[in-house]
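All remarks here apply to the structure that follows.
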Number of protein chains: 2
Amino acid sequence: MSPRILDNNQLLAREQELIDTALQIMETDGTAGLTMDKVVARVPYSKGTIYNHFTSREDLLTGVCNAGMSVLAELFSRALTFNGTTRERLLAVQYAYLLHALLQPTQFMLVISAKTASLSERTSERRQAEHYQLEGRLMGPMLKLVDEAITNRELVLPKQMTKQQIVFTNWAGSFGAIALLINSEGKCSGRQGLAFQSEIFNHANLLLDGMQWHPLSHEMDYYKSVERIAQEIFPEESAQAGNPQYSQRMKAN
Amino acid sequence: MSPRILDNNQLLAREQELIDTALQIMETDGTAGLTMDKVVARVPYSKGTIYNHFTSREDLLTGVCNAGMSVLAELFSRALTFNGTTRERLLAVQYAYLLHALLQPTQFMLVISAKTASLSERTSERRQAEHYQLEGRLMGPMLKLVDEAITNRELVLPKQMTKQQIVFTNWAGSFGAIALLINSEGKCSGRQGLAFQSEIFNHANLLLDGMQWHPLSHEMDYYKSVERIAQEIFPEESAQAGNPQYSQRMKAN
DNA sequence: AATCGTCAGTGACGGATCGTCAAAAAACCT
DNA sequence: AGGTTTTTTGACGATCCGTCACTGACGATT
């Protein structure tokens with residue numbers, strides 16, 4: 001009656017292997033350069049087997065996207081362990097978001113593509129559900145942070161705004177700034193490197209000041225906070241992302 | 001020596017015709033559904049002729065994007081004629097942006113795709129230059145608005161921020177909020193219609209309050225402003241975008 | 001008027017890609 | 001060992017991109 005039931009763990013491992021290879025290809029050839037045939041060539045399975053895991057190329061892309069969201073959730077958790085005010089910890093989360101975007105620009109942009117009709121329509125139910133669940137895992141901690149800020153009296157909810165809206169508006173701001181900058185390397189006259197980072201934090205600080213999330217930016221030096229976040233929470237990642245001074249211990253100048 | 005010289009105006013007209021057909025296809029089949037063969041089928045020219053105008057499918061996409069930016073620039077100009085404070089007029093520009101996104105979601109998303117390497121690498125020099133020039137035509141008026149606000153004393157430049165950064169951060173905020181919402185119809189639990197609009201304006205108002213652009217949102221009812229903008233400047237477009245109450249004169253209830 | 005030279009236009013074709021499916025191989029059961 | 005069910009395979013049809021050898025239209029020249 002049941003000749004062989006495929007080991008579920010083995011299946012998941014293979015799925016991860018496929019996602020990893022897909023990501024490798026995308027890092028060199030871009031999203032448009034990802035081809036099922038290329039994946040087949042790099043992997044000991046045939047095309048048919050791959051299509052047993054992913055219903056289409058788009059389904060595979062959503063898989064890569066979900067994998068990225070998963071590591072991002074991990075970064076968010078770490079960010080929230082920062083020792084500081086709620087506003088500083090929110091900044092830490094945004095810094096994590098920025099790091100992720102710098103280290104994995106392809107995956108970062110994938111999040112918006114995944115919401116496109118042409119992608120989501122061709123994505124399997126299962127993976128779509130996984131996607132929503134991951135969104136929750138990203139939003140959840142930030143909602144809790146807002147709660148905490150409210151009970152701490154560091155934030156009072158602006159008129160007719162919900163906690164969800166607070167989180168959304170912060171996310172949207174970071175996303176927009178990063179998305180517009182990340183694909184403008186050396187195009188619009190001279191913004192690069194540190195400018196990138198400061199745009200994101202200018203935006204975040206203006207927004208947080210606007211909603212009166214204390215301490216306001218004139219009451220506290222948030223540039224210092226960002227440096228502390230980079231050094232204490234994300235030294236490795238900051239170094240990789242092009243801020244070598246934050247890496248553990250470089251030969252001092 | 002010169003058997004036949006192609007009329008330049010005729011060429012431009014044909015190019016526009018091709019862009020229009022491409023846009024029509026994209027409206028029904030999505031960006032991914034745009035195919036050169038489909039364009040050929042709808043047009044009295046052969047594939048070779050089309051490739052005389054556009055070096056690749058991506059070049060055509062950039063052409064469609066540029067056309068969208070051109071009408072957006074027109075909307076911006078109209079928005080700036082609103083009779084009100086500088087901050088109200090900036091809101092009008094953002095409202096124009098929102099309208100454009102609602103009416104032409106495909107073209108709206110194209111702006112970010114156009115910055116992707118896979119697209120810009122395959123776009124002709126000519127059209128790339130046109131693209132940058134259009135960016136200028138969008139940014140220019142907003143820079144002038146910031147200038148005006150500064151001389152009016154309605155805005156003082158925050159520490160270490162340039163006028164360009166002010167404009168960028170506003171643009172990024174609107175872009176992020178719209179981009180995240182526009183592809184979430186009925187997915188994330190219940191946001192729709194008016195919620196869409198209010199998210200964008202919550203974000204803009206928080207940001208503008210944060211940079212102390214007067215009058216602040218507690219000093220003035222900006223919901224009223226938005227309604228005035230919709231009625232006085234964009235009645236037709238607002239109606240099309242799903243706010244029928246703003247259309248010129250409906251049979252009153 | 002006949003001929004020639006130039007250039008826009010054409011569409012069949014090569015190469016690449018997606019996703020399928022009939023058949024082969026492998027695993028399991030008795 | 002033989003039979004049954006699951007899994008894998010890769011050749012194949014369909015689609016799409018972009019090219020290029022060819023066609024034909026038009027003006028210039030004789």
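Letters A, B, ... mirror the listed sequences (proteins, then strands); counts begin at 1. Note that the structure is predicted; figures quoted are calculated from it, not measured.
Considering only the side chain of A:S46, D:dG10 comes nearest among D:dG18, D:dG10, D:dC16. Side-chain proximity of A:D37 to the nucleotides D:dT8, C:dC18, C:dG9 is greatest for C:dC18. Minimum atom distance to the side chain of B:Y45 is reached by C:dT10, of the listed C:dT10, C:dC18, D:dG18. Closest contact between the side chain of B:K47 and the listed nucleotides C:dC18, D:dT8, D:dT19 involves D:dT19.
In this model, the phosphate group of D:dT8 is approached by a side-chain N or O of A:R14 to a distance below 4.0 Å at OP1 or OP2. Side-chain nitrogen and oxygen atoms of B:R122 include none within less than 4.0 Å of the OP1 or OP2 phosphate oxygen of D:dC17. Within the 4.0 Å cut-off from OP1 or OP2 of C:dT10, at least one side-chain nitrogen or oxygen of B:T49 is found.
Straight-line distance from the NE2 atom of A:H53 to the C1' atom of D:dT7: 10 Å, rounded to whole Å. Atom P of nucleotide D:dT15 and atom CZ of A:R57 are separated by 19 Å, given to the nearest angstrom. Distance CD1 (A:I25) to C1' (C:dT17): 14 Å, rounded to an integer number of Å. The separation between A:L18 atom CG and D:dT8 atom C1' is 14 Å, rounded to whole Å. Taking atom CG on B:L61 and atom P on D:dC17, their separation rounds to 10 Å, with Å as the unit. The separation between B:Q10 atom CD and D:dA25 atom P is 16 Å, rounded to whole Å. In this structure, the CD1 atom of A:I50 is 17 Å from the P atom of D:dT7, given to the nearest Å.
Scanning all heavy atoms of the two residues, the minimum distance from B:F196 to B:I178 falls at CZ-O, 4.3 Å. Residues A:E17 and A:T21 share a closest heavy-atom pair of O-OG1, 2.7 Å.
Using a 4.0 Å heavy-atom distance criterion, B:T55 is classed as making no nucleic acid contact. Residue-level contact check: A:L60 touches neither bases nor backbone, having no heavy atom under 4.0 Å from any strand.
Salt bridge B:E130/B:R137: absent, no basic N to carboxylate O contact under 4.0 Å.
Contacts of B:A96 classified as side chain to side chain contact (heavy atoms under 4.5 Å, CB included), with partners at least two apart in sequence or in another chain: B:L75, B:F76, B:A79, B:F234. With sequence neighbours excluded, the residues satisfying side-chain hydrogen bond (donor to acceptor under 3.5 Å, both in side chains) with A:R127 are A:E15, A:D59.
Looking at which nucleotide of DNA chain C each of B:N52 and A:M36 is closest to, the 5′-most match is held by B:N52.
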